[in-house]
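Here is how names work: the chains are called A, B, and so on, in the same order as the sequence lines, proteins then strands, and each is numbered from 1.
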Amino acid sequence: MTESTAEKVQEERRDLLKWLLGGSLVAWIASVAYPILAYLQPPKQNEVAVQSIKAGKLSEIELDSGRIVKFGTKPVILIRTNTNELKAFTATCTHLDCTVQYSKEKGIIWCACHNGQYDLTGRNIGGPPPKPLEEFRVLIQEDEVLISKNT
Amino acid sequence: MKTIWEKLYKWIDERVDLADLVEFMGKKYVPIHRHSIWYYFGGVTLFLFLIQVVSGILLLMYYKGSEDLAFESIQFIMSKVQFGWLIRSIHSWAANLFILAAVIHMFSVYFTKAYRKPREITWLTGMFMLFLGMGFGFSGYLLPWNELAFFATKVGTDIAGAVPIVGKPIMVLLRGGEDVTGATLSRMFGFHVAIFPGIFAVLLGIHLVLVQRQGMSEPIGHSESGGDLKTMPFFPNFLLRDLLLWLIVLNVLAILAVLFPWELGVKADPFASAPAGIKPEWYFLFMFQSLKYIPAEVLYIEGEILGILLFGLAFALWTMVPFWDRKSNFGQENKVVTYVGLFVVAFVIALTILGWTA
């Protein structure tokens, strides 16, 4: 074996060592980082899928007013229009997640955060919201107002 | 007979060679020129940060970071704990003054081009500390768990969520779930009192060591124009002036905290509408106001995504200024950088005023 080939073998050995060490370093980092990243992912909690809720008594809801009701963990806006119609939509603004409200003066659904506007069919008619509000079905049984998913 | 201080000095000096450090300190000079006043804002920012550390630790003694107890614990601090109202008010006021001082410091460095070679790392660590400062503001804002903070956090984290691809996982990571809940409060608390301070301390250490090691930057053309440079020793002349200014800042802070105590507001209710007139903290106002003007859709791109991308790009370019402003590195005046800066200042001020009065 000449001197240069010996050097070459040496170098190959060193390369192999570098790969082994580098590889183990990467593997070590991954084995530390993975559990941390996984830990930070909040576990899925079993939520009872709510299909319908009781939103209160019709006689207690004023004409031309809106209120937020709990639909499972999400807020839903229930509106009694000035023409005595009952409407319900998801109350979460499609823009940036704020909770909308009923604006009596303008007769629209309004979001205070960035001036988003929706008409009373849930359509986005002004401001930044990119999508309409999802509509819910409203039923009245005797005096009880029931809101259910529109499926 | 040696005094106890001389003995102590000698004892430490024998072990860690203090003499070198003292000699180094004695050699540091601060240039005197018509822009010298800006040298003080870094120190003021540092002082306000120290106040935040102390008042923050004091608040930790009583604060409870949970959905059911956070608001009540701050009510308790403000109404029952002796001087609790003062500590809390100081923490809130100093937070705002800290951002203000940091922003002034940043712009003064920008306009005097003090970020140029060889101070790129000082600039970068400073910018990251400013972003972190905003992170401190954002995470701390939620801790009282009041109505304004609740919706501000919803909007802020939703903006992060709108970023293409990486946005959604980041939003879940920040919120500790799909929605802003008690889990979000726990996370923000963790960021505010552990993660951010840890990172900040490292950046601050690098920043201060570099400032000491490299000395103060002089405005471009300053050293060439006038032969003799007027200077002032850093120790003790400049440091004493610094300390005097810190004392004034502390007084201003105390006056603000006593005469204009920080409001606590109404406890957050996840099932209430966002209140009319809702606004973020003033240093986010210009971005908040800009988002209002961007239409829902621009060339098939969702308006908010466009806004986020534009602001992201602007912040990235601003942070990288030492690397694209070649001219200043060679000691030549770069008017373009100045005009860009003036435009940014005008834009930020105009939109802040619009947002404030809206």
Side-chain angles (χ1 to χ4, degrees), chain A residues 36-47 53 55-56 65-79 89-106 108-118 123-133, chain B residues 147-148 150-162 169-181 183-184 186-187 190 195 268-280 287-298 300-308 355 358:
Chain A
I36 293 175
L37 289 176
Y39 176 86
L40 289 172
Q41 283 298 320
K44 291 259 177 297
Q45 309 242 9
N46 284 332
E47 271 177 35
I53 55 142
S65 75
R67 58 163 71 176
I68 305 288
V69 290
K70 271 187 189 186
F71 195 92
T73 58
K74 306 277 183 195
V76 160
I77 185 164
L78 174 67
I79 297 165
F89 304 94
T90 162
T92 309
C93 185
T94 55
H95 177 224
L96 289 175
D97 218 16
C98 279
T99 308
V100 297
Q101 55 185 285
Y102 177 63
S103 165
K104 232 180 189 174
E105 302 85 59
K106 295 178 202 146
I108 56 164
I109 301 168
W110 179 64
C111 181
C113 287
H114 305 90
N115 199 24
Q117 294 145 36
Y118 305 85
R123 208 157 48 92
N124 44 325
I125 50 168
K131 278 185 286 234
L133 295 173
Chain B
E147 206 177 32
L148 287 178
F150 178 75
F151 285 107
T153 307
K154 268 179 107 85
V155 170
T157 48
D158 209 59
I159 287 175
I170 289 177
M171 188 188 84
V172 173
L173 188 83
L174 291 173
R175 289 184 174 179
E178 293 283 329
D179 291 308
V180 173
T181 59
T184 318
S186 297
R187 295 224 164 171
I195 299 174
D269 175 3
F271 292 96
S273 300
I278 187 167
K279 274 182 196 123
M287 288 188 275
F288 167 84
Q289 192 63 18
S290 312
L291 279 183
K292 277 193 185 176
Y293 293 128
I294 299 175
E297 217 170 81
V298 186
Y300 306 106
I301 305 172
E302 219 171 276
E304 63 192 59
I305 296 181
L306 184 75
I308 296 158

Show the nearest heavy-atom pair for residues A:Ala112 and B:Pro275, with the distance to one decimal.
CB-O, 3.1 Å

Side chain, backbone, both or neither of B:Ala276 within contact of chain A (heavy atoms, under 4.5 Å):
both

Look up atom OG1 in B:Thr157 and atom CG in A:Asp97, then write down how far apart they are to the nearest 0.5 Å.
7.0 Å

Looking only at heavy atoms, the pair that brings B:Ser273 and A:Val100 closest together is OG-O, 2.7 Å

Which distance, rounded to the nearest 0.5 Å, do you find between the CG of A:Leu96 and the CZ of B:Phe151?
13.0 Å

Taking every heavy atom of B:Val155 against every heavy atom of A:Cys98, the minimum-distance pair comes out as CG2-SG, 3.3 Å

Is there a side-chain contact between A:Gln41 and B:Val172, using heavy atoms and a 4.5 Å cut-off?
yes

Please round to the nearest 0.5 Å and tell me the distance separating atom CD of B:Glu178 and atom OG1 of A:Thr73.
10.0 Å

Would you say that A:His95 contacts B:Asp158 through its side chain, given a criterion of any heavy-atom pair below 4.5 Å between the two side chains?
no

The reported gap from CD in B:Gln289 to NE2 in A:His114 (rounded to nearest 0.5 angstrom) is 9.5 Å

Which atom pair, heavy atoms only, marks the closest approach of A:Gln101 to B:Ala274?
NE2-O, 2.7 Å

Whatever's closer than 4.5 Å to a heavy atom in chain B on A:Val76 counts as neither

Got a sec, which residues hit ring pair (Phe, Tyr, Trp, His ring centres under 6.0 Å) with A:Phe71, two or more places apart in sequence or on another chain?
A:Phe136

Contacts of type salt bridge (charged side-chain N to carboxylate O under 4.0 Å, His left out), residue B:Asp179, not counting sequence neighbours:
A:Lys74

Measuring from atom NZ of B:Lys279 to atom SG of A:Cys113, what distance do you get when rounded to the nearest 0.5 angstrom?
12.5 Å

Rounded to the nearest 0.5 Å, the CD1 atom of A:Ile77 sits from the CZ atom of B:Phe271 at a distance of 13.5 Å

